[in-house]
Q: 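Handing you this structure, nothing more for now.
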Amino acid sequence: ERERRTHALYELTRELAGVIDPVQVAGAIGRFLSAEPGLESALVVGCRGEAPVAHGGGDWLSLAVAQAVMERAEAVKVDVLPREGAACLYLPLAAPMRVRGVLAAMAADGAALDGLRPLLENAASLAAIAVERLHYAEVARDTEVKMMAERLRASMALASWRSTTPTSTSATWATMRSGESISRPRRSARSWATACRVTSTTRSASMRASTTPERSLPTEPPSGSLTG
């Protein structure tokens, strides 16, 4: 019996690796647990603060109890009324990042659930990993779609801009986008320093010339300087 269950767990792991939605996860878990006599199961997917979605189950399944198990992240065993002796075990799908839902298993003989609990916990662990993988795969797809939409909007905006822009401006923009820089005259550091020194010297000379008084040359010799 132990070897059979171990092999069944291995097959369940392989099947869960290829699922693409929670419905397939619930189907794989249900087929795995249906090998146990008198055992029914259901998968409730959801997170804290979200409305749980049940896959499978029957009138014995309580979404209120499943919601409480998700909030507390603790397993709960309750009696199933009006079925005498029947019980239901709710196990949280404790994924590495957060609780992703609940695995509910109902047995007509409630005492049998205690012996099946290790098997149910293994199934809940595998289901939790599968559901979380699906969640992050969906997040990745949404991100990729948003990035593609943003690129499309940018391309459309550029095409619209080119259609309303003169040819010369469009060619310049295309050249800049292709990585070619527009050449501009630049001065080297040495020529710039030389120009600054020349400008400063010229400015100083002009200031000295403007502040120095002009001397007038004598037009006539002083009296008595010439002898007769």
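For clarity, every value in this text was computed on a predicted model and none was experimentally measured. Every heavy atom of this structure was used, including side-chain atoms; hydrogens, water molecules and symmetry mates were not.
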Q: Tell me the closest heavy-atom pair linking Gly30 and Ser41, and the distance in Å.
A: CA-OG, 3.6 Å
Q: Do Leu91 and Leu63 sit in the same hydrophobic cluster, where Ile, Leu, Val, Met, Phe, Trp and Tyr count as joined when their side-chain heavy atoms come under 4.5 Å apart?
A: no
Q: Which atom pairs, donor and acceptor, lie under 3.5 Å between side-chain atoms of residues 98-110 and protein residues at least two apart or in another chain?
A:
from: Arg100; atom 1: NE; to: Glu132; atom 2: OE2; distance (Å): 3.2
from: Arg100; atom 1: NH2; to: Glu132; atom 2: OE2; distance (Å): 3.3
from: Asp109; atom 1: OD1; to: Ala111; atom 2: N; distance (Å): 3.3

Q: State whether Glu121 and Arg117 are salt-bridged, where the test is any N-O pair (Lys NZ or Arg NE/NH1/NH2 against Asp/Glu carboxylate O) under 4.0 Å.
A: yes
Q: Let me check something: do Val131 and Leu9 share a hydrophobic cluster, defined by ILVMFWY side-chain heavy atoms less than 4.5 Å apart, either directly or through other members?
A: yes
Q: Starting at CD1 of Ile20, measure out to CG of Leu134 and round the result to the nearest 0.5 Å.
A: 9.0 Å
Q: Decide yes or no on side chain to side chain contact (heavy atoms under 4.5 Å, CB included) for Leu120 and Leu39, but give the supporting numbers first.
A: CA-CA 11 Å; Leu120 294 173; Leu39 190 65; 4.2 Å; yes
Q: Side chain to side chain contact (heavy atoms under 4.5 Å, CB included) between Leu126 and Asn122: does it pass, once the steps are laid out?
A: CA-CA 6 Å; Leu126 293 175; Asn122 288 332; 5.6 Å; no
Q: Is Met70 reachable from Ile129 through a run of hydrophobic residues whose side-chain heavy atoms are each under 4.5 Å from the next?
A: no
Q: Above 12 or not: heavy atoms from other molecules or residues under 6.0 Å from OH of Tyr10?
A: no
Q: Sorted by first residue and then second, give each salt bridge (charged side-chain N to carboxylate O under 4.0 Å, His left out) pair with at least one member in residues 24-37; sequence neighbours left out.
A: Arg4-Glu36, Arg5-Glu36, Glu15-Arg31
Q: First locate atom CG of Leu116, then atom CG of Leu33, and finally report the distance between them rounded to the nearest 0.5 Å.
A: 8.5 Å
Q: Are Leu16 and Arg133 side-chain neighbours, meaning at least one heavy-atom pair lies under 4.5 Å?
A: no
Q: For the residue pair Pro92 and Ala124, what are the closest heavy atoms and their distance?
A: O-CB, 4.3 Å
Q: Would you tabulate the side-chain donor-acceptor contacts of residues 52-62 under 3.5 Å, counting partners in other chains and residues two or more places apart, or write 'none'?
A:
from: Asp59; atom 1: OD1; to: Arg83; atom 2: NH2; distance (Å): 3.2
from: Trp60; atom 1: NE1; to: Glu40; atom 2: OE1; distance (Å): 3.0
from: Ser62; atom 1: OG; to: Val65; atom 2: N; distance (Å): 3.3

Q: Taking atom CG of Asp79 and atom CD of Glu84, what is their separation to the nearest 0.5 Å?
A: 10.5 Å
Q: To check you understand the geometry: which heavy-atom pair defines the closest contact between Pro22 and Leu43, and what is its length?
A: O-CD2, 4.2 Å
Q: Would a single hydrophobic cluster contain both Val25 and Val69, if residues Ile, Leu, Val, Met, Phe, Trp and Tyr are joined by side-chain heavy-atom contacts under 4.5 Å?
A: no
Q: Spell out, yes or no, whether Val78 and Val80 are grouped together once hydrophobic residues are joined by side-chain heavy atoms under 4.5 Å, including indirect joins.
A: yes
Q: Minimum heavy-atom separation for Leu93 and Ala127, please, with both atom names.
A: CD2-CB, 4.1 Å
Q: Would you say Ile29 and Leu12 make side-chain contact, with heavy atoms under 4.5 Å?
A: yes
Q: Nearest 0.5 Å, what's the OG1-CD distance between Thr143 and Glu138?
A: 10.5 Å
